[in-house]
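Throughout, protein chains are lettered first and strands after them, A, B, ... in sequence-line order, and every chain is numbered starting at 1.
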Protein chains: 2
Amino acid sequence: MFLKKFLIIAWLFQVQSTIALESDETNNVNTCNLPQSLIKEIDSYEPFVHAIINETLYGSFKGVTWNELAYFVDTFGPRFTGTTVLERSIDYVLNKSMEFGLENVHGESVSVPHWIRGKESATLLKPRHKNIALLGLGTSVGTPPQGITAKVIVVDSFQELEDRKHEVPGKIVVFNEKYISYGETVKYRSKGATEASKYGAVAALIRSVTPYSLYTPHTGMQRYDENVTKIPVACITAEDASLFRRMSDRGTVLEINLKMQAKNLPNKVSRNVIAELKGSETPEKVVVISGHIDSWDVGQGAMDDGGGAFISWQALKLLKHLNYRPRRTNLINYNYRMIMWTGEEVGIVGANYYIKNHRSEDKNLQFVLESDSGTFMPLGFQVTGTEKVKCILERIMKLFSIVGNLKVRSPSEGPDIASWVNAGVPGGSFRSQDETYFNYHHTNADTMLVENPEALDKGTALFAALSYVLAELSVDLPHQK
Amino acid sequence: MFLKKFLIIAWLFQVQSTIALESDETNNVNTCNLPQSLIKEIDSYEPFVHAIINETLYGSFKGVTWNELAYFVDTFGPRFTGTTVLERSIDYVLNKSMEFGLENVHGESVSVPHWIRGKESATLLKPRHKNIALLGLGTSVGTPPQGITAKVIVVDSFQELEDRKHEVPGKIVVFNEKYISYGETVKYRSKGATEASKYGAVAALIRSVTPYSLYTPHTGMQRYDENVTKIPVACITAEDASLFRRMSDRGTVLEINLKMQAKNLPNKVSRNVIAELKGSETPEKVVVISGHIDSWDVGQGAMDDGGGAFISWQALKLLKHLNYRPRRTNLINYNYRMIMWTGEEVGIVGANYYIKNHRSEDKNLQFVLESDSGTFMPLGFQVTGTEKVKCILERIMKLFSIVGNLKVRSPSEGPDIASWVNAGVPGGSFRSQDETYFNYHHTNADTMLVENPEALDKGTALFAALSYVLAELSVDLPHQK
């Protein structure tokens with residue numbers, strides 16, 4: 001229970017561990033003492049790695065990830081948990097995986113929350129009439145049909161809310177927090193309604209968590225603490241939040257009408273998508289490559305996390321295409337398992353359920369990989385594991401130099417593999433040049449326009465190549481704990 | 001008539017004369033042969049210029065332009081031609097100008113077009129249901145109440161439209177043109193409906209003219225050629241235009257329902273806003289500083305052109321505050337005239353009417369200044385005039401070095417002063433670091449978030465200082481023709 005709560009918080013915050021990254025730069029290959037035989041073995045995979053990369057960047061897989069992802073997200077659109085569209089998109093991946101000859105292709109059912117947005121609108125009534133763009137937040141309750149009409153208090157922080165708590169009862173609280181980083185700032189989205197409700201607010205409107213806005217509302221999850229009255233909550237644009245702050249600083253009285261049809265409905269069933277390539281020697285041993293198939297209900301979920309799911313899928317297809325299934329004759333011989341997680345956006349639901357239900361297999365996991373921070377030009381991997389694991393990964397990165405100067409940093413950041421990583425399984429998340437990621441994260445602008453074919457090819461190549469080397473490796477990667 | 005047509009075209013295209021600028025860089029002070037006495041005179045204004053700049057950047061005017069602009073655009077919101085809000089905002093400027101002791105404060109009436117947007121919506125019906133963000137274009141006709149439902153043809157250029165003209169009848173044409181520059185690309189917005197209608201289209205949807213989108217529709221003017229059937233036309237987002245292109249390239253049949261209540265109503269009366277500081281010697285001689293007060297009906301018109309209008313206004317107030325009215329005892333002694341133009345967005349209507357009605361005063365114009373390309377950090381001025389005029393301006397720029405390394409380039413780009421400049425009056429437009437301008441141009445994101453207090457102060461300082469030096473100058477600037 002604690003673990004689950006911790007994971008949810010970790011996921012809500014999706015901590016950008018920039019500071020951790022920087023301090024970890026010293027953790028490089030120079031401090032490693034890998035046996036010469038192991039270094040030699042890793043280096044011996046270079047021709048295979050180059051073949052994988054060449055096939056993706058210049059061969060028959062060139063541009064394929066982008067094209068297939070585009071077809072997928074254009075055809076299905078957003079794939080929100082609880083919708084039939086998500087299930088149809090899952091069927092599509094299952095069917096195509098079977099057509100492609102992937103193995104052990106199946107969905108694993110999981111009960112998922114079913115929140116619906118419904119119609120929503122907000123209007124500034126005083127001091128002048130203005131439509132307010134907004135996106136309700138996941139798990140938010142709705143308003144009565146006529147909406148909630150109330151005066152407004154604008155605060156820039158939880159501290160200011162606390163300082164002015166006597167002004168809050170009966171009001172709509174607008175949070176106009178400054179964007180520092182996603183990890184720092186997302187607490188206003190995830191906890192804003194709870195904090196406002198504690199002091200008697202009737203609704204909360206949060207400035208979207210983004211470094212750049214073109215009048216762009218963002219959505220995302222929030223959670224109510226137990227024992228607080230559940231009040232409607234939505235994100236508004238940076239433009240409107242700052243407008244309301246300026247107006248209110250001038251002593252102007254603001255009044256807003258907020259209408260939201262949002263509802264929490266009974267759970268539905270969704271499925272994690274699994275496809276494998278099986279090794280012949282020790283078929284219970286596994287390297288996992290994964291991303292999530294569900295998305296928010298706006299945009300197309302192209303970057304979050306169509307890209308991550310598709311480089312995982314394409315990597316598996318590529319290994320199949322090249323016939324690079326684990327085939328070494330020593331005892332270690334791993335399966336590749338591609339997983340597309342369901343219900344990530346609504347609480348890492350698919351992954352946590354899967355991992356809990358496959359706990360007994362943890363010991364057989366060589367490495368778990370995830371991509372859920374964007375599929376831009378690769379920078380390397382965020383890894384959690386023993387020093388030996390990181391040293392091995394760093395040595396492997398050298399084989400990928402034609403793709404870029406890739407670095408291994410710590411810790412792993414992938415929300416879906418977090419339950420594994422926290423249980424000691426060595427894991428890594430794909431790290432790429434995501435400078436603009438939070439401009440369109442959870443918005444209508446998360447579409448194919450933000451995906452780049454070359455970057456996707458490189459992502460696919462790295463996922464395939466890293467999985468290959470880890471599966472071939474003559475040693476089991478040590479687990480922690 | 002030809003001139004008017006030319007001006008409208010020039011304004012619709014708002015040509016980005018980057019190429020002209022570059023080639024004009026050779027036109028620098030080294031080729032100038034100003035009399036030493038004139039150089040000496042110009043340089044002698046340095047203490048006054050520095051006093052103006054200091055008062056704005058570090059003195060009592062520091063931050064004032066931003067604050068006053070914020071109050072203005074926050075209070076009135078968008079100021080679209082034909083609305084009572086625009087007229088109330090004009091009254092506000094007139095009243096405040098009088099309160100501040102500016103002279104000859106008055107509005108000059110002008111008949112302006114009155115287009116209303118009304119409700120508008122578009123829905124992709126096939127191959128799947130999707131709401132399409134859009135903004136109808138100025139002068140567009142509406143649709144019947146039930147909307148127009150039609151199949152879609154997507155083209156990337158007028159050439160492709162021509163090549164596939166047999167496919168066009170009865171369809172909605174989606175233009176998915178590539179953004180090259182605003183000047184190059186805006187022809188699709190201004191002429192798209194006309195070109196589509198020529199081949200029998202029932203409506204046109206244009207990819208918004210922008211280098212960067214966060215699912216951001218842009219509006220703007222368009223015009224129908226005579227003799228074409230007027231069909232509804234709107235801009236959609238880059239995201240949707242490219243989506244429709246990909247879908248249609250895959251052979252998918254697209255169907256869209258477009259509803260627009262847009263209407264062209266009888267003209268209304270608006271006003272150009274004039275305020276002056278009068279010189280005592282030759283009160284008929286004038287230096288004009290200007291921007292336009294009207295905006296599109298979305299966003300706040302903070303950058304387009306609240307900033308330009310307000311640096312003009314603040315410059316005049318600053319000169320009044322410093323008591324730097326023209327006061328030289330030689331015969332040349334100019335007035336400062338601040339003009340906030342009305343009806344710019346709907347066809348440069350206020351400026352063209354004013355200039356036509358004040359034609360006889362052209363000979364008394366020392367220089368006409370405009371800011372309508374954004375009020376970012378200053379780069380200098382775009383100037384149209386004789387070589388002597390440019391040489392004088394270049395020499396004056398040296399006085400402004402504490403504000404930046406300012407350059408004089410050609411030609412002038414201001415739409416509102418174009419009628420003057422084309423008649424030979426020397427004129428200049430403010431040039432600043434507008435890299436992101438077209439991200440939010442004519443959108444809901446044109447708000448105070450894009451204005452910077454220091455940049456506005458610098459704009460005010462430059463407008464005041466340049467006006468001051470030109471008004472004090474002992475020579476009349478030569479007119480062309």
Side-chain angles (χ1 to χ4, degrees), chain A residues 66-67 69-78 85 88 119 124 127-133 135 176 207-208 210-218 237-250 252 254 298-300 302 436 438-441 443-451, chain B residues 66-67 69-78 85 88 119 124 127-133 135 176 207-208 210-218 237-250 252 254 298-300 302 436 438-441 443-451:
Chain A
W66 194 96
N67 281 333
L69 177 61
Y71 176 80
F72 180 77
V73 300
D74 290 349
T75 301
F76 293 103
V85 169
R88 285 197 289 113
K119 283 190 184 169
L124 182 68
R128 61 179 169 90
H129 190 284
K130 180 184 189 308
N131 294 329
I132 301 166
L135 282 173
N176 177 47
R207 179 176 170 140
S208 292
T210 185
Y212 187 70
S213 178
L214 289 174
Y215 200 69
T216 319
H218 294 231
T237 64
E239 285 86 350
D240 280 340
S242 56
L243 169 67
F244 300 158
R245 178 82 215 196
R246 291 192 301 275
M247 284 176 158
S248 125
D249 283 351
R250 292 182 196 118
T252 309
L254 283 79
V298 293
Q300 294 188 323
T436 63
F438 290 107
N439 291 7
Y440 48 78
H441 178 248
T443 77
N444 274 307
D446 184 354
T447 73
M448 283 311 290
L449 271 197
V450 301
E451 292 283 1
Chain B
W66 195 95
N67 281 332
L69 177 61
Y71 176 81
F72 180 77
V73 300
D74 290 349
T75 302
F76 293 103
V85 169
R88 285 196 290 112
K119 284 190 184 168
L124 182 68
R128 62 179 168 90
H129 190 284
K130 180 184 190 306
N131 293 330
I132 301 166
L135 281 173
N176 178 46
R207 179 176 172 140
S208 291
T210 185
Y212 188 70
S213 180
L214 289 173
Y215 201 68
T216 319
H218 294 231
T237 64
E239 284 86 351
D240 280 339
S242 55
L243 168 67
F244 300 159
R245 179 81 214 198
R246 291 193 302 274
M247 284 177 158
S248 126
D249 283 352
R250 294 182 195 119
T252 309
L254 283 79
V298 294
Q300 295 187 324
T436 62
F438 291 107
N439 290 8
Y440 48 77
H441 179 248
T443 78
N444 275 307
D446 184 354
T447 74
M448 282 312 288
L449 272 197
V450 302
E451 292 284 1

From B:N439 atom CG to A:S213 atom OG, the distance as rounded to the nearest 0.5 Å: 11.5 Å
B:L243 side chain reached by A:Q300 side chain, heavy atoms, under 4.5 Å: yes
Under 3.5 Å donor-acceptor, B:R246 side chain and A:N67 backbone: no
Pairs of heavy atoms under 4.5 Å with chain B: top-ranked of A:M448, A:R250, A:M247: A:R250
Between CG on residue A:L214 and OG on residue B:S208, distance to nearest 0.5 Å: 11.0 Å
A:T443, part contacting chain B, at a heavy-atom distance under 4.5 Å: neither
For B:R128 against A:D74, the heavy-atom pair lying closest together: NE-O, 2.8 Å
Chain B contact via A:A238 - side chain, backbone, both or neither, heavy atoms under 4.5 Å: both
Test item: A:Y215 and B:D446 side chains (from C-beta on) under 4.5 Å apart, heavy atoms: no
Residue part contacting chain A, namely of B:V73, when any heavy atom lies under 4.5 Å: backbone
Under 4.5 Å from any heavy atom of chain A - which part of B:Y71: both
Between B:G299, B:P127, B:G77, B:A133, the one whose heavy-atom pairs under 4.5 Å with chain A are most numerous: B:G77
